[in-house]
Number of protein chains: 2
Amino acid sequence: MSKQLTVLEPEVCCAPLAAATVPAEAAADLAAAFKALGDPVRLQLLSMIASADGGEACVCDLTPAFDLTGPTISHHLKVLREAGLVESDRRGTWVWYRANRPRMAALSAVLDIAPAG
Amino acid sequence: MSKQLTVLEPEVCCAPLAAATVPAEAAADLAAAFKALGDPVRLQLLSMIASADGGEACVCDLTPAFDLTGPTISHHLKVLREAGLVESDRRGTWVWYRANRPRMAALSAVLDIAPAG
DNA sequence: CGTCTGCTTCGAAACCTGTCAACCTAGGGG
DNA sequence: CCCCTAGGTTGACAGGTTTCGAAGCAGACG
């Protein structure tokens with residue numbers, strides 16, 4: 001288990017949403033990533049990780065920021081990890097999470113649309 | 001009910017995710033929008049609407065594109081409408097949907113991040 | 001080598017979402 | 001004015017998701 005998923009292939013990463021109809025396969029892949037962002041806790045977790053100095057944040061620093069238990073935070077981090085939005089990195093005792101910048105940029109590009117014609 | 005929600009206030013619309021920690025209130029608002037995008041059907045619906053000529057698409061043109069019943073498509077369109085991503089416009093017999101470009105651009109700006117420091 | 005802290009995983013309950021069947025409302029044509 | 005088609009809404013059920021408590025595993029320190 002804990003097998004890393006291969007999400008957002010190159011052909012998918014840069015398809016603008018308003019340029020052409022998204023194929024069903026790409027839509028399922030993108031929807032999985034957006035679904036991972038569809039939770040306030042995960043959105044804040046990703047924000048804290050991405051805005052952290054060096055782009056890395058320790059779980060011991062993330063957990064006390066919420067009124068949730070450790071396992072719950074771990075679950076949300078797992079969802080973000082399986083969505084390809086963050087990557088876990090073990091540095092000694094603590095586990096550090098790092099945001100996947102290209103993946104976020106790809107999602108941003110999908111939503112980036114031209115002004116209404 | 002069916003009251004239009006006031007989502008994504010100006011202070012929220014342009015906060016980059018990787019620049020600073022997103023407040024809980026803004027996170028809930030953004031998460032609601034991303035949650036609406038977290039379904040393949042809704043993502044394709046928004047794509048079809050946004051990529052349609054003039055940015056407007058008729059329900060009678062959207063429904064046959066999926067293997068879903070009419071009410072289900074209507075429900076997904078309602079979710080997109082309440083998330084502020086699309087706006088409904090009645091033109092005679094059929095209802096036309098139009099994508100909310102500024103809203104999509106705001107979400108794109110949130111995910112747009114600077115390269116890792 | 002023993003123990004301790006910290007993170008993950010497993011299992012179960014409560015909540016929410018997606019889907020469909022049936023009914024109601026709005027506009028067009030005769 | 002009446003009937004017909006097209007969309008939208010409501011109610012209900014199946015499935016997934018979120019959350020917590022308990023147990024398991026990896027690494028650090030004495």
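Note on naming: letters A, B, ... go to the chains in the order of the sequence lines (proteins, then strands), and numbering restarts at 1 for each one. Everything numeric in this text was worked out from a predicted model, so none of it was measured.
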Of the nucleotides [options], which has the atom closest to the [X] side chain?
X       : options               : answer
A:Val59 : C:dT8, D:dA26, D:dT17 : C:dT8
B:Val95 : D:dT9, C:dT8, D:dG7   : D:dG7
A:His76 : C:dA21, C:dG6, D:dT19 : D:dT19
A:Val41 : C:dG18, C:dG6, D:dT19 : D:dT19

- Message: Using heavy-atom distances to pick each residue's nearest nucleotide on DNA chain D, tell me which of A:Thr93 and B:Gly70 is more 5'.
- Response: B:Gly70
- Message: With a cut-off of less than 4.0 Å, is there a side-chain N or O of B:Thr69 near OP1 or OP2 of C:dC20?
- Response: yes
- Message: Please confirm whether the shortest side-chain N or O distance from A:Arg90 to OP1 or OP2 of C:dG6 is below 4.0 Å.
- Response: no
I need the [atom1]-[atom2] distance between [X] and [N], as an integer number of Å.
X       : N      : atom1 : atom2 : answer
A:Arg42 : D:dT17 : CZ    : C1'   : 9 Å
A:Lys35 : C:dC16 : NZ    : P     : 17 Å
A:Ile73 : C:dT9  : CD1   : P     : 15 Å
B:Phe34 : C:dT17 : CZ    : P     : 18 Å
B:Lys78 : C:dT17 : NZ    : C1'   : 13 Å
B:Trp96 : C:dG27 : CH2   : C1'   : 16 Å
A:Leu77 : D:dT19 : CG    : C1'   : 15 Å
A:Arg81 : C:dT9  : CZ    : C1'   : 11 Å

- Query: Do the non-hydrogen side-chain atoms of A:Lys35 and B:Asp39 ever get within less than 4.5 Å of each other?
  - Reply: no
- Query: Side chains of B:Val59 and B:Trp94: closer than 4.5 Å at any heavy-atom pair?
  - Reply: no
Is [X] touching bases, backbone alone, or none of the nucleic acid, heavy atoms closer than 4.0 Å?
X       : value
A:Tyr97 : sugar-phosphate
A:His75 : base
A:Leu68 : sugar-phosphate
A:Arg91 : nothing
A:Thr72 : base

- Assess whether atom CG of B:Asp89 is packed by more than 12 heavy atoms of other residues, nucleotides or ligands within 6.0 Å. yes
- Task: Please name the residue in the list B:Glu56, B:Arg81, B:Arg98 that meets the side chain to side chain contact (heavy atoms under 4.5 Å, CB included) test with B:Glu87.
- Result: B:Arg98
- Message: Quick check: is A:Trp96 connected to A:Leu45 through a chain of hydrophobic side chains (ILVMFWY, heavy atoms under 4.5 Å apart)?
- Response: no
